[in-house]
Engineer: 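Structure provided below as structure tokens; questions to follow.
Numbering of ligands and ligand atoms starts at 1, following listing order. Owing to the predicted nature of the structure, the values given are computational and were not obtained by experimental measurement.
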Amino acid sequence: MATGIPPHEKAPDGARYARHARLSLIGRAGQEKIEQSSVLIIGCGSLGCAQAAFLARAGVGRLLLADRDTVQTPNMATQLLYDEQDLRAQAPKAEAAARRLRTINSGIAIEPVVADISAANIEPLIGKADLILDATDNFETRFLINEAAVKAGKPWIYGGVLGTDGMVMAVRPGHGPCLRCLFDLPPPEGRLPPPDVFGVLSTAAAWVAALQTTQALKALACGGADWGRMHTLDIWNGTVTTAEVPRDPACPCCNKREFKFLKPA
Ligand SMILES: [Zn+2]
């Protein structure tokens, strides 16, 4: 999965990432792969803030952070990278997140992208990444991510949170189902209320983000993740259930390679 990004300067004794490198599941070789990887996070809300903090501290060599919005008052309860200075300035989230992450780890490359992700710009962004993390709050963007990732053959980690519940599934094109194997189309507008209407518990978002980030680290370090297994979380009751998602042999996306969301009418 390496993209030719030079490994960043390491502490002489490798102490910075020792906790991860000492895990037998990651090891020194896995940690080096993580440090040579590039990850695109689409969305810098409650999921994206937590994912980015975990990955910056894990030493991912290059992080691309995409979000069109600015920091607003309701964000402060659940979006862990922002402070009141960002709020007063109504700073673009991608830029505020990048500033904070550089104070956490100055040895990695962090690129903010202040933009609305659309069919017009998603493919070049995905082209820069080894793996994509979904941190959006809407299914239209997820279908776009799914198509662009399948088209490019890049793994991506679906994640959603609403209220105290969440879902996570790792997608590896050609090795299991994609999102359209599971859902033919995004839910009709108004069927799923957005988090700003329904509410979201900060810890539920952090749990979903932690599971997504774990899938990302497994994929980067070992090439393995729980491809095609849907994890459904309820943090209020402390439960996780997992189900295998079958690949749809007639899937218009991963089977027929018809990318309707990348080519809007
Ligand atoms: Zn599919």
Engineer: Measure up the Phe183 and Tyr158 rings against each other and bin them: parallel (under 30°), tilted (30 to 60°), perpendicular (over 60°).
Structural biologist: perpendicular

Engineer: Could you pull out all donor-acceptor pairs under 3.5 Å where a side-chain atom in residues 84-98 meets a protein atom, sequence neighbours excluded?
Structural biologist:
| unit_1 | atom_1 | unit_2 | atom_2 | d |
| --- | --- | --- | --- | --- |
| Asp86 | OD2 | Asp83 | N | 3.0 |
| Lys93 | NZ | Gln79 | OE1 | 3.0 |

Engineer: Close to the Zn ion (ligand 1), meaning under 2.8 Å, how many protein N, O or S atoms are there?
Structural biologist: 4

Engineer: Within the distance-only criterion (no hydrogens, no angle test), does the side chain of Asn255 pair as donor or acceptor with the backbone N or O of Pro252 below 3.5 angstrom?
Structural biologist: no

Engineer: Just distance, no hydrogens or angles: give the donor-acceptor pairs under 3.5 Å from side chains in residues 110-117, sequence neighbours left out.
Structural biologist:
| unit_1 | atom_1 | unit_2 | atom_2 | d |
| --- | --- | --- | --- | --- |
| Glu111 | OE2 | Arg62 | NE | 2.8 |
| Glu111 | OE2 | Arg62 | NH2 | 3.1 |
| Asp116 | OD1 | Arg68 | NH1 | 3.3 |
| Asp116 | OD2 | Arg68 | NH1 | 3.3 |

Engineer: Drop me the distance from Trp207's CH2 to Leu233's CG, to the nearest 0.5 angstrom.
Structural biologist: 4.5 Å

Engineer: Could you list the residues that satisfy side chain to side chain donor-acceptor pair (under 3.5 Å) with Glu140, not counting sequence neighbours?
Structural biologist: none

